[in-house]
Amino acid sequence: MKTTVTPQKRVKSLVPLSREHHFGLLFCWKIRQGLKNGTDVALLRAYTRYFWDNVLKAHCQEEEWLLARVLPQDNEVRMRLIEEHRLIQKLIELIQAGSPLNKELYKVLDKDLTDHIRWEERELFPYLQNLVPAEDLELAAKLLQHQHEPREDAFTPEFWNVKAKAA
């Protein structure tokens, strides 16, 4: 039997972070497409570096900053978020180092990042919404200055749109 996941209602202050999760899931899809299309590993590595530097690193820092302001340091949820962010960062560092296991590392990165984003959307954000007063979340969001344009993934070439020759 297939279970349906109902979209979660977000408090306004968490919406910008939640929207950025879409980019993370899209990043994973693009990597999967690249692997499926036989995209050169060097191009996948360049895209991974680009995405980390331009989208994911700052997003992770903002989430950690937010949780540091609304949850105690020894909170299990906060510790899990930080640990998963470090694991994702280490995977990206291994990929950047040119590991001979790169193709397998991409699969692990895809699974781990997708699972992490799903956890944040389905468990972390509802937990915060139930635990932290809305005013505190709103103040934290204002301090994060989420009035900026959403981060963009403008990497080229768009290897995920075309079938590349096997490397």
Problem set entry | Residues in ring-ring contact (aromatic ring centres under 6.0 Å, His included) contact with F125, at least two apart in sequence or another chain |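 Expected list: H21.
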From [atom1] ([X]) to [atom2] ([Y]), nearest 0.5 Å:
X: W29; Y: T114; atom1: CH2; atom2: OG1; answer: 13.0 Å
X: D40; Y: L44; atom1: CG; atom2: CG; answer: 7.5 Å
X: Q129; Y: L124; atom1: CD; atom2: CG; answer: 9.5 Å
X: L25; Y: I117; atom1: CG; atom2: CD1; answer: 4.0 Å
X: L56; Y: I88; atom1: CG; atom2: CD1; answer: 6.5 Å
X: F27; Y: Y50; atom1: CZ; atom2: OH; answer: 12.0 Å

Does any part of the side chain of [Y], heavy atoms only, come nearer than 4.5 Å to the side chain of [X], both counted from C-beta?
X: E121; Y: S18; answer: yes
X: K111; Y: K107; answer: no
X: E84; Y: E120; answer: no
X: L131; Y: L71; answer: yes
X: R32; Y: Y106; answer: no
X: L43; Y: F155; answer: yes

Exercise. Would D53 and K57 count as a salt bridge (Lys or Arg N to Asp or Glu O under 4.0 Å) if you check the C-alpha gap in whole Å, the side-chain angles of each, and the deciding distance to 0.1 Å?
Worked result: CA-CA 6 Å; D53 289 343; K57 182 178 180 182; 5.6 Å; no
Are [Y] and [X] linked, directly or through intermediate hydrophobic residues, by side-chain heavy-atom contacts shorter than 4.5 Å (ILVMFWY only)?
X: I92; Y: L26; value: yes
X: L87; Y: L109; value: no
X: L67; Y: V15; value: no

Problem set entry | Residue pairs fulfilling side chain to side chain donor-acceptor pair (under 3.5 Å) with at least one residue in residues 65-77, sequence neighbours excluded |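 Found N75-Y127.
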Problem set entry | Worked check of salt bridge (Lys or Arg N to Asp or Glu O under 4.0 Å) between R86 and E83 | CA-CA 5 Å; R86 295 302 165 270; E83 181 179 331; over 6 Å; no
Exercise. Hey, mind stepping through E152 and F23 against side chain to side chain contact (heavy atoms under 4.5 Å, CB included) and telling me if it holds?
Worked result: CA-CA 8 Å; E152 246 185 72; F23 287 111; 5.8 Å; no
Exercise. Is there a donor in the side chain of Q89 and an acceptor in the side chain of H85, or the other way round, less than 3.5 Å apart?
Worked result: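 Distance-only check fails for Q89 and H85.
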Problem set entry | K30: which of D153, T39, D110 passes side chain to side chain donor-acceptor pair (under 3.5 Å) | D153
For the student: nearest non-hydrogen atoms of [X] and [Y], plus distance:
X: N102; Y: G98; answer: ND2-CA, 4.0 Å
X: R45; Y: Q96; answer: O-NE2, 3.0 Å
X: L113; Y: G24; answer: CD2-O, 4.1 Å

For this session: Determine, stepwise, if the pair F159 / Y47 fulfils side chain to side chain contact (heavy atoms under 4.5 Å, CB included).
Result: CA-CA 10 Å; F159 60 85; Y47 176 56; 3.5 Å; yes
For this session: Please report the C-alpha distance between K103 and V41 in whole Å, then the side-chain angles of each, then the deciding distance to 0.1 Å, and finally whether the side chain to side chain contact (heavy atoms under 4.5 Å, CB included) criterion is met.
Result: CA-CA 8 Å; K103 288 188 179 181; V41 175; 3.7 Å; yes
For this session: Check whether any side-chain N or O of N37 sits under 3.5 Å from a backbone N or O of Q33 as a donor-acceptor pair, and report yes or no.
Result: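 Checked: pair present.
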